[in-house]
Protein chains: 2
Amino acid sequence: MKPTIYDVAQAAGVSIATVSKVINGTGRISDKTRKHVLIIMDQLKYQPSMVASALTGKSTFTIGLTLPDLANPFFAEIARAVEDRCHEFGFNVFICSTDNDPDKEVKYFSLLTQKRVDGIIVATRIQNDQFLKKLIQQNVPIALITNEMPTLAVDTVMVDDFLGGYQAGSHLAELGHRRIAILKEDTDTKSNRERIHGCQQAMIAAGIEPDERLLSIGGFTVQSGKEAMTELLKLDNPPTAVFACNDLLAIGAIQAAREQGLQLPADLSVVGFDNTILATIIDPPLTTIGQPIQEIGRQAVELLVQEIKGEKTLKQRVVLLPELVIRSSSLAYQNV
Amino acid sequence: MKPTIYDVAQAAGVSIATVSKVINGTGRISDKTRKHVLIIMDQLKYQPSMVASALTGKSTFTIGLTLPDLANPFFAEIARAVEDRCHEFGFNVFICSTDNDPDKEVKYFSLLTQKRVDGIIVATRIQNDQFLKKLIQQNVPIALITNEMPTLAVDTVMVDDFLGGYQAGSHLAELGHRRIAILKEDTDTKSNRERIHGCQQAMIAAGIEPDERLLSIGGFTVQSGKEAMTELLKLDNPPTAVFACNDLLAIGAIQAAREQGLQLPADLSVVGFDNTILATIIDPPLTTIGQPIQEIGRQAVELLVQEIKGEKTLKQRVVLLPELVIRSSSLAYQNV
DNA sequence: ATGAAAGCGCTAACAG
DNA sequence: CTGTTAGCGCTTTCAT
């Protein structure tokens, strides 16, 4: 059996209270006893049980992170950023891929609360705000990533999707493109809508009338982007540029264009969103709207931890600004 | 406050023992009381505290997963596979990216044991088998992924790296290549050595003498692969094909070749290892040695869970076989 | 079939 | 400065 605090106390000839105090650095302990106890702990290779101390009312130093799919590079990078910051704070993170399946999400939420996590970072698309609301009412610290609950006071870190879309749209418009297609995601989230809206506003500002037929639905897979783009290229008057709401879709678009024998970026300019590692790997390297992934993760953790520690009562919404990252997949329109 | 078992007991007019029994389906409870208690639990939205029950000696239904870097697609996919299988078993997983930093690894291990995880899946390169040995001696269930501790009896799931390397080597040899470079990782792991050795054996079997100068060191980044390949291409007699020990390196090699103005795959054939999503995205699509990532994750979890539940005393080593996935980055040697 | 009571390992008053 | 003691929420004999 693992040694307990009793074993240490006995071996050190002190009470368990004393041991507890040296473990936590609380109370007043003479230097001599402290050192002695420390030595005994070391000898016994004693490791305080965090489950016991959690039961006593202290926190579990554990948070949950829900996201759609860890295998999606964007979320993997988010998770990594969250994990790193958590580790610095001494927290561990439970990873929860929900595939945006409401059932799975509920199951995970309930598991997390049963395990008494100190807080939850939600990077999944919120479907049942019902459940989330309950959590918030129960004072479970929550931080939202890339998500917005307009009706609820909850810490949130997001990027300005509208601006991102706008940057993409202006970039393409400035390159002289007039027929700009948009590949959107299949979930109707605010984030997705804003990106589209931003892009369209940029187009309008440039005197381009958004064409409904150039608005196509993809999803979160390369394949879906490919299919959507293939359809778009079949139009009588196909687009010369496309803005995809995420990098995966953009990559699908590139692959579709290639398959149709188009030269990239000469025949089709592509702009993505996220700036994941994929954007640097695809050929041509993808022009994309960069989300400050590290920063998103860090800030979410910081908000959450502050709330867990009770250092902060005010909730806040942090809006990070995206950045246009120009690579080679976008080029001036060549009116041959 | 969250309701406790006492609240339920009181509201239901029974003892906490009874409630506990209906929660766990243990003991003998009349159908009537059971139903009644169930209803009360529901009304109170009672959720048993797993930290309390863990303290009582039951397991925590939590495992730890250590890996080098969650942002690396290969490990992200592994993590996803592990998580999925765990979820089916009702386990949660603590994610631990160590960057192969021994300090971080030790810190994570100790945190995990303090939190009394039921077991640990180790997908990091093992550096201090010291610490791991201690864990195993303390009967902490451990499963190794893609790792081998020749001196220890521990559950392990791995792929046959030698065979993978061999497949890569024969593939290139069969395509007529004679000058085959190898890009290895910078950590001297058995896995890495085996891949190289396999490739070289295949070359020898094809009558090719491995050339030391064509063996170059990369790492786990695209950049390192690029740099290594750039050097290789500067040789008087540069390679016509390259086998990279992971997809990241292979991608770096492709990028380097492109930058030097080479046509791919005509001027250089590239074979990677892992078959991550990146292999499908790079242009040309990467011929690579496919690891059955899903299966690796599943089996590791299964071994671990069996051991946790005490359903199994015998340890085992599962060797999964890799598979050559031919895409477009490899082509017959054209002796111009 | 149900309940009383003794822990699990630790923290936090409260005494001394 | 150190020890005693009462829980934290739950499981598990052992009685009844």
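Below, chains carry the letters A, B, ... as their sequence lines are ordered, and counting in each starts from 1.
Between the side chain of B:Tyr6 and the base of D:dC10 there is at least one donor-acceptor pair of N/O atoms closer than 3.5 Å.
Distance CG (A:Leu55) to P (C:dA12): 12 Å, rounded to an integer number of Å. Here C:dA5 presents its C1' atom at 14 Å from CD1 of B:Ile5, a figure rounded to the nearest Å. B:Lys115 places its NZ atom 24 Å from the P atom of C:dC8, with the value rounded to the nearest Å. Computed from coordinates, the A:Lys21 NZ to D:dT2 P distance equals 9 Å when rounded to whole Å. The distance between atom CZ of A:Arg116 and atom P of C:dC10, rounded to the nearest whole Å, is 20 Å. Rounded to whole Å, atom C1' of D:dT13 lies 13 Å from atom CD1 of B:Ile16. The CG-C1' distance, from B:Asp31 to C:dT2, rounds to 15 Å in whole Å. Rounded to a whole Å, the CZ atom of A:Phe61 is 15 Å from the P atom of C:dC10.
Across C:dA1, D:dG3, D:dG9, the shortest atom-to-atom separation from the side chain of B:Ser30 is found for C:dA1. In the set C:dA13, D:dC10, D:dT12, D:dT12 carries the atom at the smallest distance from any side-chain atom of B:Ala17. Here C:dA1 is the nucleotide among D:dT11, C:dA1, C:dG9 with the atom lying nearest to any side-chain atom of B:Thr33. Considering only side-chain atoms of B:Tyr46, the nucleotide from D:dT2, D:dC8, D:dC10 that sits closest is D:dC10. Nearest nucleotide to the side chain of B:Ser49, out of D:dC10, D:dC8, C:dG3: D:dC10. For A:Thr56, the listed nucleotide lying nearest its side chain is C:dT11; candidates were C:dG3, C:dT11, D:dC10. Nearest to the side-chain atoms of B:Lys58 among the listed nucleotides D:dT12, D:dT4, C:dG3 stands D:dT12.
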Show your working on side-chain contact (heavy atoms from CB on, under 4.5 Å) between B:Asn100 and B:Thr124 and close with a plain yes or no. CA-CA 6 Å; B:Asn100 281 325; B:Thr124 40; 4.3 Å; yes
Please determine whether side chain to side chain donor-acceptor pair (under 3.5 Å) holds for the pair B:Lys58 and B:Asn24, giving the CA-CA distance in whole Å, both sets of side-chain angles, and the decisive distance to 0.1 Å. CA-CA 11 Å; B:Lys58 305 230 308 194; B:Asn24 299 294; 3.2 Å; yes
Between A:Val19 and A:Val14, is the side-chain contact (heavy atoms from CB on, under 4.5 Å) condition met? List the steps. CA-CA 7 Å; A:Val19 178; A:Val14 298; 3.8 Å; yes
Apply side-chain contact (heavy atoms from CB on, under 4.5 Å) to A:Asp31 and A:Lys35, showing your working. CA-CA 6 Å; A:Asp31 231 49; A:Lys35 275 178 186 147; 3.3 Å; yes
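For A:Thr113 (side chain) and A:Arg116 (main-chain N/O), no donor-acceptor pair under 3.5 Å exists by modelled atom type.
Summary of the strand contacts: A:Ser53 and B:Ile29 both lie near DNA chain C, and taking for each the nucleotide with the nearest heavy atom, the more 5' one is attributed to B:Ile29.
At the heavy-atom level, B:Val51 lies nowhere under 4.0 Å from the strands shown. At the heavy-atom level, A:Val19 lies nowhere under 4.0 Å from the strands shown. If you check every strand for non-hydrogen atoms under 4.0 Å, B:Ser20 touches a base.
Using a 4.0 Å cut-off between charged side-chain N and carboxylate O, B:Asp84 and B:Arg80 make a salt bridge.
Considering only side-chain N and O atoms, A:Thr18 lies under 4.0 angstrom from the phosphate OP1 or OP2 of D:dG3.
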